[in-house]
Engineer: 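I'd like to ask some things about the structure below.
Proteins come first, then strands; the chains are lettered A, B, ... in the order of their sequence lines, and each starts at number 1.
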Amino acid sequence: MAFTLVTWNINSVRLRAGLVEKLLTEEAPDVLCLQECKSPVELMPAEAFAALGYTHFVARGQKGYNGVAIISRLPMRDAGHIDWCAKGDARHVAGELENGVVIHNMYVPAGGDVADREVNEKFGHKLDFVAEMRDRFRESLPEKSILVGDLNIAPREDDVWSHKKLLKVVSHTPIEVEAYHEAQEAGKWVDITRQDIPEGQLYSWWSYRAKDWDGADKGRRLDHIWASGDIAAAGHSSRILRAARGWEKPSDHAPVFARFDL
DNA sequence: ATGGTTGGTCTCCAA
């Protein structure tokens, strides 16, 4: 069984349902994971996706914030979610394919503006969230699993436009990068994007605030596709659809792709 | 050093 998987922070699935349909039509992935849907589940436009053949849909939502959804044209069952940091946030949903592979769709807290948990509780929440990921993966080693989503951390020097200028900027601080690696190593997760594209600058997000996002190209790689060690060799053909950042009324994130032969 | 843009909801908060 082979399938193409995409992760995309959509920044409102209701406002950008048309862009999701464009991606499904033009790129025809088998499974699409969305974050920041900003909608209760019952108001997510699942029918529009079903009309394109994507008849399987699992999601967790809430009004205005967070929200994650998995849209699939392959049979998929709801495999639950974890209430990270016990806040009741809709930041995780899992779907299981017929081959037993579980896809975890995650939205890690952005962490606010100040990289100091003493003065910014949102940064503390982010660190606690990623530490909980580490602890849970230590408790139970993931198998036959894929973890995707907006992890809001750019771990490598070539995952940001300027390593030096971003060392104190939330998303690329050493404490976050350390936490990211601890979580990854605890689960023996393999970064499929970097397994496929080991060298060079790679971004999946460009700020709305840039005058010329494409020309300035001050991006960060915040969106990730990880696979558990037992199936990592099945991952290939990674790419980031940068063009989607230039679509009409775009999300500030671009879709990240990988293919799996399982 | 600062401000820059966008979305959702209800006047500002989150990103």
Side-chain angles (χ1 to χ4, degrees), chain A residues 7-23 33-45 48 59-69 84-85 87-92 105-117 119-130 148-155 159-162 164-173 175-177 179-180 203-224 240 242-256:
Chain A
T7 179
W8 193 14
N9 179 319
I10 194 62
N11 188 15
S12 174
V13 70
R14 290 155 74 188
L15 187 70
R16 287 188 241 283
L19 292 190
V20 174
E21 292 173 65
K22 178 177 167 71
L23 183 88
C33 297
L34 300 174
Q35 304 86 35
E36 274 209 272
C37 293
K38 294 184 171 177
S39 170
V41 173
E42 59 272 21
L43 296 180
M44 294 182 188
R60 297 294 184 273
Q62 62 190 92
K63 197 166 85 175
Y65 304 106
N66 307 323
V68 286
W84 303 91
C85 301
K87 283 178 167 293
D89 286 348
R91 294 182 175 274
H92 175 221
N105 181 17
M106 313 261 321
Y107 176 49
V108 171
D113 290 329
V114 182
D116 178 354
R117 68 181 307 153
V119 297
N120 171 19
E121 66 182 35
K122 287 188 275 189
F123 193 69
H125 177 212
K126 182 179 197 174
L127 295 179
D128 291 345
F129 191 107
V130 180
V148 308
D150 179 1
L151 304 186
N152 266 313
I153 297 173
D159 289 333
V160 294
W161 66 276
S162 169
K164 206 172 168 183
K165 285 195 170 69
L166 289 177
L167 273 171
K168 291 180 177 172
V169 175
V170 173
S171 72
H172 191 62
T173 63
I175 191 169
E176 290 169 88
V177 171
Y180 171 102
Y203 314 138
S204 65
W205 174 87
W206 294 261
S207 174
Y208 284 129
R209 296 174 187 175
K211 282 196 179 78
D212 175 11
W213 72 272
D214 195 25
D217 199 22
K218 293 184 173 181
R220 307 178 201 169
R221 187 171 72 103
L222 304 178
D223 303 276
H224 300 274
I240 297 177
R242 181 185 175 113
R245 181 61 178 78
W247 289 352
E248 187 78 18
K249 290 271 279 173
S251 167
D252 44 356
H253 294 252
V256 180

Engineer: Under 3.5 Å, which N/O atoms of the protein pair with N/O atoms of nucleotides 1-4 of chain B?
Structural biologist:
{"from": "dG4(B)", "atom 1": "N1", "to": "Arg209(A)", "atom 2": "NH1", "distance (Å)": "3.1"}

Engineer: Which whole number of Å gives the distance between the C1' atom of dA15(B) and that of dT9(B)?
Structural biologist: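 Going atom to atom, C1' in each nucleotide, I get 15 Å.
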Engineer: Can you identify which nucleotide, out of dA15(B), dT6(B), dT9(B), has its nearest atom closest to the Tyr107(A) side chain?
Structural biologist: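 Looking only at heavy atoms from C-beta outward on Tyr107(A), the closest nucleotide is dA15(B).
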Engineer: What is the separation between atom NZ on Lys249(A) and atom P on dT6(B), rounded to the nearest whole Å?
Structural biologist: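 Spelled out: NZ on Lys249(A) to P on dT6(B) is 7 Å.
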Engineer: Please name the residue in the list Asp252(A), Asn9(A), Asp223(A) that meets the side chain to side chain donor-acceptor pair (under 3.5 Å) test with Ser204(A).
Structural biologist: Asp223(A)
Engineer: If I take atom CD in residue Gln62(A) and atom C1' in nucleotide dG7(B), what distance separates them, rounded to the nearest angstrom?
Structural biologist: 14 Å
Engineer: Looking at Asn105(A) and Gln35(A), would you say the former's side chain and the latter's main chain have a donor-acceptor pair under 3.5 Å?
Structural biologist: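 Flag not set: sc Asn105(A) to bb Gln35(A) has no pair under 3.5 Å.
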Engineer: Could you tell me whether Asp214(A) and Arg245(A) make a salt bridge, using a distance below 4.0 angstrom between a side-chain N and a carboxylate O?
Structural biologist: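 No, Asp214(A) and Arg245(A) are not salt-bridged.
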Engineer: What is the distance from CG of Leu43(A) to P of dG8(B), rounded to the nearest Å?
Structural biologist: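 In whole Å, dG8(B) P lies 12 Å from Leu43(A) CG.
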Engineer: For Arg14(A), which contact category applies under a 4.0 Å heavy-atom criterion: base, sugar-phosphate, or nothing?
Structural biologist: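 No contact.
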Engineer: What is the distance from CG of Asp89(A) to P of dA14(B), rounded to the nearest Å?
Structural biologist: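 My rounded result for the distance is 11 Å.
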Engineer: Starting at atom CD of Glu36(A), determine the distance to atom C1' of dC13(B), rounded to an integer number of angstrom.
Structural biologist: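 It is 13 Å, rounded to the nearest whole Å.
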Engineer: Under 3.5 Å, is there a donor-acceptor pair between the side chain of His253(A) and the main chain of Thr7(A)?
Structural biologist: no
Engineer: What integer distance in Å separates Asp212(A):CG from dT5(B):P?
Structural biologist: 14 Å
Engineer: Among Lys126(A), Lys168(A), Arg220(A), which residue satisfies the salt bridge (Lys or Arg N to Asp or Glu O under 4.0 Å) criterion with Glu176(A)?
Structural biologist: Lys126(A)
Engineer: Any side-chain N or O of Lys38(A) less than 4.0 Å from the OP1 or OP2 oxygen of dT9(B)?
Structural biologist: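 No, because none of the side-chain N or O atoms of Lys38(A) sits under 4.0 Å from OP1 or OP2 of dT9(B).
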Engineer: Say we look at dC10(B) and dA14(B): how far apart would their P atoms be, to the nearest angstrom?
Structural biologist: 14 Å
Engineer: Report the residue (Asp113(A) or Leu15(A)) whose heavy-atom-nearest nucleotide on DNA chain B is the more 5′ of the two.
Structural biologist: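 Final value for this comparison: Leu15(A).
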Engineer: Between Trp8(A) (CH2) and dA15(B) (P), how many Å, whole number?
Structural biologist: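 About 20 Å, once rounded to whole Å.
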Engineer: Hey, which sits more toward the 5' end of DNA chain B by its nearest nucleotide, Asp150(A) or Val13(A)?
Structural biologist: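 It is Val13(A), whose closest nucleotide lies nearer the 5' terminus.
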Engineer: Are any side-chain N or O atoms of Asn152(A) and backbone N or O atoms of Val108(A), one a donor and one an acceptor, separated by less than 3.5 Å?
Structural biologist: yes
Engineer: May I have the distance from Asn11(A) (atom CG) to dA15(B) (atom P), rounded to whole angstrom?
Structural biologist: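 Distance check: Asn11(A) CG to dA15(B) P gives 11 Å.
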Engineer: Is a salt bridge present between Arg91(A) and Asp89(A), judged by a nitrogen-to-oxygen distance below 4.0 Å?
Structural biologist: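 The answer is yes: the pair qualifies as a salt bridge.
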